[in-house]
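Below, read A as the first sequence line, B as the second, and so on, with proteins coming before strands; counting in each chain starts at 1. Small disclaimer: the values here were computed from a predicted structure and weren't measured.
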Amino acid sequence: MLLELDHVSKIYGDLHAVDDLSLSVQEGEWLAIVGSSGSGKTTLMNIIGCMDTPSEGTVTLEGRELNDLNASQLADVRKNIIGLVFQKFYLVPHLTAVENVMVAQYYHSVVNEKQAMEALSNVGLAERAHHLPSQLSGGEQQRVCIARALINCPKLILADEPTGNLDEANEKIVLDLFKKLHAQGTTIVVVTHDSLVASCAQREIMLNHGVLVGERWNDEAAQQRYVDAGGEPAKTRHAENSKQSAEESSMPVGFDTITKSAKAH
Amino acid sequence: MNNSRMFMAMILGAIFRRRSRALMAVIATMVGAATLFCLAAVCIAVPQQMNEDMRPYGANLVVAAIEKQGAEKTGISDAMVAHTTSMVRAKSSAKFATYRYETVRINAAPYMLAGIESTQVRALNHHWSVQGSWPSHGAVMVGSDVASALGLNVGGNVTIAYQSSDNGGSTTSKTTQDGRVSTDILNGGGSTYRVAGIVNTGGSEDEIVYATNADVNALSGVKRGADVIEYSSSAMGTDLTAIATSINDMTSMGVKAQTVTKISSSDTKIITMLQTLFWLISVVVLALTFVGVGTTMTSIVSQRRNEIGLRKALGAPNSSIRTEFYTESVIYGLVGGGLGATIGFWLARLLCSLVFGRNIAMNWWLVGVAVVLSGIIAILATIRPVVKASRIDPAVVLSEE
Ligand SMILES: Nc1ncnc2c1ncn2[C@@H]1O[C@H](COP(=O)(O)OP(=O)(O)O)[C@@H](O)[C@H]1O
Ligand SMILES: [Mg+2]
């Protein structure tokens with residue numbers, strides 16, 4: 001398994017932002033995390049992305065336990081294994097598109113302008129390379145972010161609502177990019193409100209108030225590979241109660257209902 | 001494009017594409033540097049100017065012959081005058097004048113006669129007020145006290161007699177000058193000179209009669225060196241004392257050097273006050289600059305909070321973030337310091353030309369100090385903002401929505 005979460009919780013005071021979640025992700029898998037606003041998706045992303053540490057439980061990435069690492073070692077893991085894509089297309093505002101891609105190279109290893117330009121032309125932005133973020137549309141900015149996330153060939157792409165601020169046309173472009181990446185064997189974990197985006201993934205899990213409330217496979221072949229590799233279903237302490245009902249029907253109760261209510265947000 | 005070029009591209013992007021903040025940081029340093037530079041330049045210029053202003057008011061270094069007891073008075077020979085002068089001028093430029101003093105009789109009463117070169121003494125003592133003209137061949141200049149005691153007027157005549165007994169010499173050993181020994185002249189006799197001018201200084205000069213060296217040689221019948229050399233050196237303070245000491249150390253020269261204080265104690269107090277004021281204001285200005293730069297850098301850091309979080313999310317170590325901000329701030333400091341020094345210099349120049357009517361020269365040493373100091377202030381003022389920046393959590397990028 002590329003990523004393993006074992007009884008992970010994140011607790012802010014009385015609030016359990018993520019509550020005792022166990023989850024494994026196989027290499028090459030495409031996982032979608034869905035849930036309404038405030039359900040702990042971003043908190044979970046921060047933990048997986050080595051930008052936050054869990055209050056309880058352990059995270060294992062590529063066989064390395066993250067709990068033992070200090071801030072600078074976490075930064076190393078971040079730049080070597082993970083590519084990040086954000087909802088708000090975070091770019092450095094005073095650097096051009098190609099410079100923004102090169103920033104990731106700079107902190108990773110060696111700046112290579114030719115490679116950065118190639119990455120931009122892969123997302124269809126070759127001729128916008130020397131524009132500042134303020135001169136790019138939202139869709140173009142998000143494609144720069146994706147080019148930047150891919151530049152160091154990460155094992156794992158983490159995307160938090162990557163299409164949340166995009167129109168349908170741009171959403172399609174971004175999804176096609178993800179499909180291409182997935183076909184190339186990159187592991188993708190994407191957080192989304194959008195059932196269309198979620199349905200592109202091989203597996204969906206749903207959170208509500210930090211608690212896992214559902215898991216669904218969209219791709220049986222992938223599920224089979226996962227089970228063959230010894231993968232267990234995601235679980236939460238609180239989910240144990242609903243397990244019976246989950247087993248009755250093949251799909252957990254309320255999955256679609258919650259997805260719809262989240263979309264209405 | 002390599003990594004160090006990328007580093008510079010990031011810094012320059014931050015500076016030139018976010019001009020308003022950069023401008024604020026540069027202006028904060030510039031104002032501080034300009035104020036300090038101007039103050040320092042004026043503080044250096046004022047004592048120099050005071051010294052310069054004092055120079056026309058006579059000598060600041062007096063060299064006198066050491067007379068041996070009982071020996072013939074020989075004075076300071078021309079060669080020794082040249083030697084002493086070269087020693088004085090080795091340190092800094094100097095004007096000089098020589099004086100040969102003899103006691104003479106006018107109407108049987110003793111007076112002091114000084115043999116001089118008019119041009120030398122005149123160049124040294126711009127403040128002497130002379131009615132008529134300076135001594136020339138056959139014409140003397142008398143001090144105002146002498147003139148009033150003897151009832152002399154410009155254009156009148158005065159008869160001066162020389163007796164070697166007045167000057168501690170014996171008559172027999174004198175060589176003749178112009179075919180006659182002046183001691184032959186009896187009381188009431190002597191040579192008659194025209195009164196070319198009357199000098200009034202308010203000092204001891206008013207009691208002296210000035211004649212050319214040639215006339216004094218002729219009158220006394222003896223040609224000898226000067227008793228006193230007066231120097232007006234551009235050196236001041238310890239430098240001047242050092243010159244006097246170096247002359248006094250050469251005992252074989254047979255002369256004794258002494259400095260003359262021209263800047264009065266009240267002037268010294270003014271300079272001390274000026275310098276104290278300078279230090280006080282400097283501390284205040286430094287503190288203000290520190291606060292100004294620190295505030296600007298803090299606001300830059302908080303404005304770029306998300307960007308810093310993003311860089312960290314991309315794997316930037318804290319050391320990288322620190323280096324970027326220190327470099328940016330040092331650039332602001334150096335640019336601000338350079339501009340400030342330039343502005344400060346023109347301000348000081350304007351002030352000095354308005355007040356003293358003279359231009360001050362560019363002090364490159366001071367420019368260096370201003371620029372380096374600005375850089376150091378920029379670094380020190382950035383410590384706190386940088387600590388803040390390194391505390392920023394990479395998670396802000398994802399959680400701020
Ligand atoms: N740093 C924090 N301090 C306190 N509470 C937090 C913090 N970050 C997130 N939370 C809380 O945790 C819960 C989950 O937040 P989040 O993970 O951002 O949800 P989502 O991304 O699913 O909308 C929310 O109730 C939020 O208020
Ligand atoms: Mg979120």
Partner chain A: residue of B:L314, B:N318, B:L12 with the largest heavy-atom pair count (under 4.5 Å):
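Sorted descending by pairs with chain A, the first entry is B:L314.
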
Under 4.5 Å, counting heavy-atom pairs only, tell me which of B:P317, B:S319, B:G13 racks up the most with chain A.
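Max contact count across the listed options: B:G13.
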
Knowing that exactly one of A:V189, A:I48, A:N152, A:L158 qualifies, which makes a side-chain contact (heavy atoms from CB on, under 4.5 Å) with A:I82?
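By the side-chain contact (heavy atoms from CB on, under 4.5 Å) criterion, A:I82 pairs with just one of A:V189, A:I48, A:N152, A:L158: A:L158.
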
Looking just at side-chain N and O atoms, do B:S234 and B:S93 make a donor-acceptor pair shorter than 3.5 Å?
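B:S234 vs B:S93: donor-acceptor pair found between side chains.
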
Does the side chain of A:T58 come under 3.5 Å of the side chain of A:N67 through a donor N or O and an acceptor N or O?
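No, A:N67 and A:T58 have no side-chain donor paired with an acceptor closer than 3.5 Å.
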
Are the side chain of A:R78 and the backbone N or O of B:K312 linked by a donor-acceptor pair below 3.5 Å?
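Answer holds: yes.
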
Could you check whether atom NE2 of A:H209 has more than 12 heavy atoms from other residues, nucleotides or ligands sitting under 6.0 Å from it?
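Count not over threshold, so no.
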
Salt bridge flag under 4.0 Å for residues A:E99 and B:R17
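Salt bridge flag = yes for B:R17 with A:E99.
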
Given that the side chain runs from C-beta out, which part of A:T96 has a heavy atom under 4.5 Å from chain B: side chain, backbone, both or neither?
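Both backbone and side chain.
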
Could you tell me which portion of A:L74 (side chain, backbone, both or neither) has an atom closer than 4.5 angstrom to a non-hydrogen atom of chain B?
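No part of A:L74 comes within 4.5 Å of chain B.
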
Using a cut-off of under 4.5 Å for heavy-atom pairs, which of A:D52, A:N112, A:L132, A:V191 has the most such pairs with chain B?
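Max contact count across the listed options: A:L132.
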
Against chain A, label [X] side chain, backbone, both or neither, depending on which of its atoms sit under 4.5 Å from a heavy atom there.
X	answer
B:F7	both
B:R304	side chain
B:N2	backbone

